[in-house]
Amino acid sequence: MESYFLFSSGELRRKDNVVRMTALDGRFKVLKIEVMRDLYLFGKASMNTDCLNYLAQSKIPVHFFNHYGFYTGTFYPKEANVSGNLLIRQVEHYTDFEKRLNIAQEFIQGACYNILKNLKYYRQRGKELDKAINEIQALEKMISRTVTIEELMGIEGNIHRVYYGTWTTIINQEVDFEKRVKRPPDNVVNTLISFLNSLVYTTCLSEIYVSQLNPTISYLHSAGERRFSLSLDIAEIFKPLLTDRIIFSLLNRKVITEKDFSKDSNYFYLKDKGKRKVLEMYNSTLDETVRHKDLKRNVSYRKMMRLECYKLIKHLLGEREYQALRKWW
Amino acid sequence: MRITGTMINYYFICQRKLWCFTHHLNFEEGHQNVELGKLIDEASYSREKKQIMIDGTINVDFIQDWKVVHEVKKSRAMEESAEWQVKYYLYFMRERGIEVEKGILDYPKIRKRKEIFLTQKDGNKLKEILDEIKNIAHLEKAPTTINSKICKKCAYYEYCYC
């Protein structure tokens, strides 16, 4: 199964049993539906309902991005396999506050562990990070003692503030990165974070889609608010492993430099060439595998997202308590 | 509760899988062997009218003259469970007054077939199995994993062992 990333502009249509992207100059590309997992549109594509119906029938989510590379939304085909029983448990764990907090804390525990793992890696490579590590470890101890989601979110915010404070130390290129700024991102690092986070979010969403969980019921983020928020919950665990590591590596190896960005009035966005470089790295990272100790199989980062869904299902069904992924390799 | 042929099949393979299935947890989507099975099913016996749903419960691969029930399988690896699946089809149809003679397990990939008959004794055993399936479906929690070598090929492997 593959993710298709389309940059060119043109028309997307069903042609017999394939989807065909015809560019403005008449050249076309055939997208084979059988091997397609999901579709990412970065260019200006027009399409008709015939094509959408066909994609939906083949259960392929389509993720849309605007000209600046910001995530616009997902065409999420209707759920084919619904488990009423699982949905009820999902809701139960949301409305019972203790149960909800429990799961939410575990997401943050996992994310925090993975953040520390990144910092320890760079400490070992000679970066002065002891102070930040100690501070985050102190905050980590407070996670299990939180009594409200807001308090938990506050701690998560503090962890991230300390963490982002270390990035100028970790990144070898000269970057101006003081703090996380979204909408609009105001510098190279913020733009990369926004772009990669939205990719992690969409990948999680594609995996949730096949897992039978309902993507609108989440635990850390408020359920059903705006987006498929369960995806945001699960993405939290993977952001340090994907987004952050990819940014460090892209900038430290100078694969991406300021030249890959455009500055439009007051914000930065990635040029197409830059987006392609990021995507290439993202995709190859997703396919990287590690040996899973219980499955005794090699699993990719993408598969790990699926496994998070499975572990969550097991927790909801009362089979085994959820333990968020902690980088073990 | 409607008991499908798949449930009878799973009853003999793995009761945990049966429980998941009765709770509508279907992880077969996209699994290689399952997809292969679907393709074999679509590609074989194209002259017959296929996938006949009876009474909204059992979904029979195809029937000849309302006399012979066919079930198409990929391989003989799970033959016992497949036999019981066909026996259940015979049982189910006879209960509803359709006088089917026999069943056939078709293996188009290896060009083999096997005839299946339903005896009185089989019918009694099926009655017991139906009750047991209901009991399993009503369990609060999924039965534990069976740790068998067949798990490795199962579409539920990652769910069960992660």
Side-chain angles (χ1 to χ4, degrees), chain A residues 1-2 17 33-38 58-61 77 79-90 206-214 291-300 302-325 328, chain B residues 1-4 6-7 10 14-43 46 51 59 133-162:
Chain A
M1 295 298 249
E2 280 173 47
N17 282 332
I33 209 102
E34 292 86 359
V35 293
M36 202 189 307
R37 175 191 298 110
D38 46 16
S58 318
K59 297 173 198 151
I60 294 168
E79 306 269 1
N81 280 323
V82 186
S83 167
N85 191 268
L86 179 60
L87 178 62
I88 290 166
R89 305 282 180 108
Q90 247 188 291
S206 290
E207 292 306 314
I208 291 173
Y209 182 62
V210 285
S211 77
Q212 295 202 310
L213 285 166
N214 183 306
R291 190 81 177 161
H292 192 287
K293 43 192 183 323
D294 297 324
L295 291 177
K296 298 186 177 62
R297 252 180 214 184
N298 290 335
V299 291
S300 61
R302 184 192 290 282
K303 188 44 80 62
M304 287 180 220
M305 289 180 182
R306 178 89 63 91
L307 297 181
E308 285 308 292
C309 297
Y310 288 164
K311 287 190 288 180
L312 196 54
I313 294 175
K314 283 181 164 177
H315 178 93
L316 300 173
L317 297 181
E319 200 175 317
R320 205 179 66 206
E321 208 173 316
Y322 176 63
Q323 265 250 312
L325 170 71
W328 68 78
Chain B
M1 177 185 164
R2 288 189 231 258
I3 294 179
T4 67
T6 308
M7 290 181 196
Y10 287 177
C14 170
Q15 305 201 343
R16 179 178 166 85
K17 189 173 181 170
L18 172 63
W19 186 91
C20 288
F21 187 80
T22 55
H23 285 75
H24 304 285
L25 294 169
N26 309 320
F27 299 123
E28 290 97 337
E29 194 81 36
H31 187 79
Q32 242 178 358
N33 281 345
V34 179
E35 296 296 317
L36 187 57
K38 258 191 230 162
L39 286 174
I40 290 174
D41 188 54
E42 279 168 25
S46 49
Q51 300 298 347
N59 197 351
I133 289 179
K134 283 176 202 152
N135 289 338
I136 293 165
H138 287 123
L139 289 178
E140 186 63 29
K141 283 181 193 174
T144 53
T145 52
I146 57 173
N147 289 311
S148 152
K149 69 174 202 274
I150 61 169
C151 292
K152 296 239 167 192
K153 282 190 177 172
C154 177
Y156 290 72
Y157 177 76
E158 282 162 348
Y159 173 71
C160 289
Y161 296 94
C162 79

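Proteins get letters first, then strands, A, B, ... in listed order; numbering begins at 1 in each. What you see is a predicted model, and the numbers here were worked out from it, not measured in a lab.
The greatest number of non-hydrogen atom pairs below 4.5 Å with chain B, out of A/L86, A/D294, A/L295, is found for A/L295.
For A/K59, the part lying under 4.5 angstrom from a heavy atom of chain B is the side chain only. Proximity to chain B is absent for every atom of A/R306, based on heavy atoms less than 4.5 angstrom apart. Interface residue A/R320: only side-chain heavy atoms are found under 4.5 Å from chain B. Heavy atoms of B/E140 lying under 4.5 Å from chain A belong to its backbone as well as its side chain.
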Would you sort out whether B/F27 and A/Y310 count as a ring-ring contact (aromatic ring centres under 6.0 Å, His included), showing the intermediate values? CA-CA 10 Å; B/F27 299 123; A/Y310 288 164; 4.8 Å; yes
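With hydrogens and angles left out, the side-chain atoms of A/E308 and A/Y322 include a donor and acceptor closer than 3.5 Å.
Closest non-hydrogen pair, A/V299 versus A/H292, comes out as CG2-CB, 3.9 Å.
Of the charged side-chain nitrogens involved, none lies within less than 4.0 Å of a carboxylate oxygen, so that A/K311 and A/E319 do not count as a salt-bridged pair. Electrostatic pairing of A/E2 and A/R37 does not count as a salt bridge here, judged by no charged N lying under 4.0 Å from a carboxylate O.
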